[in-house]
Number of protein chains: 2
Amino acid sequence: MSMTGRRETLSRARVVAAAIAQADANGLDSLNMRSLAQELDVVPMALYKHVANKGDLLDGMIELVVGEVERTPQTGDWKRDVRARILAARDRLQRHSWSRAVLESRAAMTPAMLDYLNALTGLFLDGGLSADLTHHVMHALGNRMWGFSQELFAATPRSDPSFETQKAALPTHFPHLAAIARAAAQADPESGVGPGCDDRLEFEFALDLLLDGVEILHAQQWSSRGWMRASAVAESWRIQKDTPGYGTRETAETLRAALTAAKRDRDM
Amino acid sequence: MSMTGRRETLSRARVVAAAIAQADANGLDSLNMRSLAQELDVVPMALYKHVANKGDLLDGMIELVVGEVERTPQTGDWKRDVRARILAARDRLQRHSWSRAVLESRAAMTPAMLDYLNALTGLFLDGGLSADLTHHVMHALGNRMWGFSQELFAATPRSDPSFETQKAALPTHFPHLAAIARAAAQADPESGVGPGCDDRLEFEFALDLLLDGVEILHAQQWSSRGWMRASAVAESWRIQKDTPGYGTRETAETLRAALTAAKRDRDM
DNA sequence: TGACATGGTGTACACGGTACACCTAGATTG
DNA sequence: CAATCTAGGTGTACCGTGTACACCATGTCA
């Protein structure tokens with residue numbers, strides 16, 4: 001548009017960028033087509049020349065953010081590499097409070113998403129893990145691969161009046177919760193039960209727990225073959241829940257075997 | 001209302017139950033105050049005499065479902081007990097496809113929720129785990145404690161035309177993803193990359209991985225004390241990402257120690 | 001020069017949550 | 001027993017939000 005220089009011509013990129021800015025500033029709820037249009041100094045319907053609909057806009061937003069995740073260098077140590085890459089994703093997505101909700105509600109398979117998934121998968125495979133194990137591990141990571149902790153409690157602290165009452169009743173009615181809350185408070189003085197916990201620490205704890213477990217399975221050349229057969233057995237157990245053995249699964253055995261084998265191997 | 005027996009008088013319970021039925025039948029999207037009112041043969045605003053607003057209605061729905069989670073018996077084996085309890089939660093929540101979305105978007109701390117959390121926490125504590133470890137483990141479990149897998153891909157398979165193209169381009173552009181997709185297809189003939197995988201199997205794999213890891217940490221009398229100090233160090237490393245040691249964390253060491261110690265202990 | 005594509009405009013509608021004033025019948029009480 | 005209160009159902013109306021659709025302006029190209 002040459003008529004006047006009074007404003008840049010719109011583009012999908014500009015629309016998406018403005019949407020991100022607005023969601024960052026005022027939260028996802030405040031992001032609507034009208035306010036976004038106003039921000040861009042156009043009429044609402046103008047946006048639809050650049051995005052198909054609001055869903056498409058949201059897809060574009062995560063696409064852009066995910067595309068900016070740092071390509072951390074590979075060192076040859078798969079565990080370290082995976083860890084670094086996931087923390088890089090976290091670093092990026094944490095800056096956009098809305099990203100979690102959008103990713104979980106939509107998660108369209110855009111190129112940048114596939115790219116990230118592919119790269120992460122590649123780190124495991126390059127590390128020598130079997131495709132079989134890697135596949136299950138990717139599932140086990142789930143949303144954690146984006147750097148999200150799995151919030152126990154909604155972000156909203158519930159300001160309704162009954163809440164305080166409940167909180168007061170916690171030690172008597174929910175003693176176990178009170179106990180771990182105390183433990184958390186001890187480690188980190190200014191914390192309640194849910195928020196107040198160091199989100200990053202909890203995240204790394206869980207991530208390392210998973211990756212360390214995976215390392216052991218890998219060392220044991222774990223395969224889903226026997227495991228799935230075992231699960232068929234467990235399935236029948238499940239029907240008769242009081243059968244002895246209910247609730248166990250081969251993984252534990254595998255692990256125990258790993259402990260034993262490890263002693264033989266790298267001994268001392 | 002005695003005037004005619006033509007309909008039961010409304011109550012919060014009846015409203016919530018009807019809402020659940022409707023969400024079960026036609027999906028969460030189709031649940032709105034008007035259609036729900038029609039189902040109950042009243043005018044929309046009548047509902048507001050029994051629920052404060054739609055959010056409150058949703059809270060009531062999960063409250064009811066969570067309250068129905070089976071109280072699995074304790075056997076004295078904490079790992080088995082946790083596993084059984086979580087699978088019981090899964091069994092219940094899986095019947096309501098909307099529960100995941102509602103739980104993630106709201107997660108108000110209603111009595112039934114607190115009850116479940118408290119009970120689950122108690123299983124760990126009764127098993128002898130420290131409050132410290134239990135606290136972090138509860139975080140690590142996250143939404144998995146409700147029996148949800150952490151979906152990699154949205155449920156919607158995206159019917160847009162570019163999707164097929166992308167799928168075709170998968171082997172060349174995203175070879176690693178193609179590799180694990182093949183592995184999955186091999187194990188389970190009729191599966192693509194995301195859906196088609198046995199959800200329950202993936203869930204149990206991840207759950208066991210976590211619980212087995214926790215068992216080891218527990219055996220090692222893991223404490224967050226040293227670990228948090230280590231993280232402070234890692235924090236400074238993070239600033240200089242190329243520092244050697246970046247991306248490692250003490251948990252791995254703990255585990256390695258566990259392997260070594262295990263050999264000494266239960267030897268052979 | 002005239003047709004067309006690209007992109008911004010204006011109007012208007014559907015849908016969903018819910019505020020508010022009202023009404024009605026059973027329960028309560030002087 | 002009448003006056004009043006209250007719980008619970010009604011009707012109307014409003015607002016916010018996404019978006020269909022017809023239209024119009026401008027730069028491009030045959």
Side-chain angles (χ1 to χ4, degrees), chain A residues 1-23 25-62 98 101-102 105-106 108 156 159-160, chain B residues 1-23 25-62 98 101-102 105-106 108 156 159-160:
Chain A
M1 163 178 308
S2 72
M3 47 177 284
T4 76
R6 83 181 177 86
R7 77 174 174 221
E8 300 291 323
T9 171
L10 238 43
S11 68
R12 180 179 172 94
R14 277 192 10 106
V15 170
V16 170
I20 289 176
Q22 187 162 326
N26 309 318
L28 191 58
D29 294 337
S30 82
L31 176 64
N32 59 64
M33 301 307 265
R34 290 182 219 271
S35 65
L36 180 57
Q38 190 161 22
E39 195 70 33
L40 288 164
D41 204 23
V42 290
V43 82
M45 288 311 292
L47 303 176
Y48 288 85
K49 286 278 155 58
H50 304 278
V51 296
N53 48 47
K54 190 171 181 181
D56 183 35
L57 174 63
L58 293 172
D59 289 346
M61 291 167 71
I62 54 148
W98 43 269
V102 174
S105 69
R106 305 196 46 82
T156 61
S159 59
D160 94 67
Chain B
M1 165 177 306
S2 73
M3 46 176 285
T4 77
R6 84 182 176 86
R7 77 174 175 222
E8 302 290 323
T9 172
L10 238 45
S11 69
R12 180 180 172 93
R14 274 190 15 100
V15 170
V16 170
I20 289 175
Q22 186 161 328
N26 310 317
L28 190 58
D29 294 338
S30 83
L31 176 64
N32 60 63
M33 302 307 266
R34 290 182 221 268
S35 65
L36 179 57
Q38 190 162 20
E39 194 70 34
L40 289 164
D41 203 23
V42 290
V43 82
M45 288 311 291
L47 303 176
Y48 289 85
K49 286 278 155 57
H50 304 278
V51 297
N53 49 48
K54 189 170 183 182
D56 183 35
L57 174 62
L58 293 172
D59 289 346
M61 291 166 71
I62 53 147
W98 44 269
V102 174
S105 70
R106 303 195 48 82
T156 62
S159 58
D160 92 67

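Order of the sequence lines sets the chain letters (A, B, ...), proteins ahead of strands, with each chain counted from 1. Remember, it's a predicted structure, so these values are computed and weren't measured experimentally.
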Worksheet item: Thinking salt bridges, do A:Asp56 and A:Arg12 make one under a 4.0 Å N-O criterion?
Response: yes

Practice prompt. Round to the nearest Å and state the distance from A:Leu31 atom CG to D:dG18 atom C1'.
Written response: 12 Å

Discussion item. Heavy atoms from C-beta onward define the side chain here; which of C:dT9, D:dT10, C:dG16 lies closest to that of B:Val42?
Written reply: D:dT10

Fill in: Nearest to side-chain heavy atoms of B:Met45, which nucleotide of D:dT10, C:dG8, C:dG17
D:dT10

Worksheet entry | Side chain of A:Lys54 (C-beta onward), nearest among D:dT19, C:dT18, D:dT10 | D:dT19

Discussion item. Restricting to non-hydrogen atoms, name the atom on B:Leu58 and the atom on B:Arg106 that form the minimum distance, rounded to 0.1 Å.
Written reply: CB-CD, 3.7 Å

Practice prompt. Would you kindly compare A:Lys49 and B:Asp29 by the position of their nearest DNA chain C nucleotide and give the one closer to the 5′ end?
Written response: A:Lys49

Fill in: Minimum side-chain heavy-atom gap B:Thr9-B:Arg14 below 4.5 Å
no

Response to the item:
Nearest heavy-atom approach of B:Leu36 to B:Ala19 is CD1-N, 3.6 Å

Fill in: Any A:Asn53 side-chain N or O less than 4.0 Å from OP1/OP2 of D:dG18
no

Practice prompt. State which of C:dT18, C:dT9, D:dT19 makes the closest approach to the side chain of A:Arg34.
Written response: D:dT19

Item to complete: Locate the shortest heavy-atom distance separating B:Glu39 from B:Gln22; write the atom from each residue and the value.
Response: CB-OE1, 4.1 Å

Worksheet entry | Rounded distance (Å) that lies between atom C1' of D:dT17 and atom CG of A:Leu28 | 14 Å

Worksheet item: So, is A:Thr9 near the phosphate of C:dG7, with a side-chain N or O under 4.0 Å from OP1 or OP2?
Response: no

Item to complete: Write down the distance between CE (B:Met33) and P (C:dC15), rounded to a whole number of angstrom.
Response: 18 Å

Worksheet item: Is B:His50 near enough to D:dA7 that one of its side-chain N or O atoms lies under 4.0 angstrom from OP1 or OP2?
Response: no

Item to complete: Would you mind reading off the distance between A:Leu10 atom CG and D:dT26 atom P, rounded to a whole angstrom?
Response: 17 Å

Worksheet, complete the sentence: B:Tyr48 OH to D:dT12 P, in whole Å, measures 18 Å

Item to complete: For B:Leu58 and C:dG16, give me the distance from atom CG to atom P, rounded to whole Å.
Response: 15 Å

Worksheet item: Separation of B:Leu36 atom CG from C:dC15 atom P, in whole Å?
Response: 18 Å

Fill in: Whole-Å distance separating the CG atom of A:Asn32 from the P atom of C:dG17
17 Å

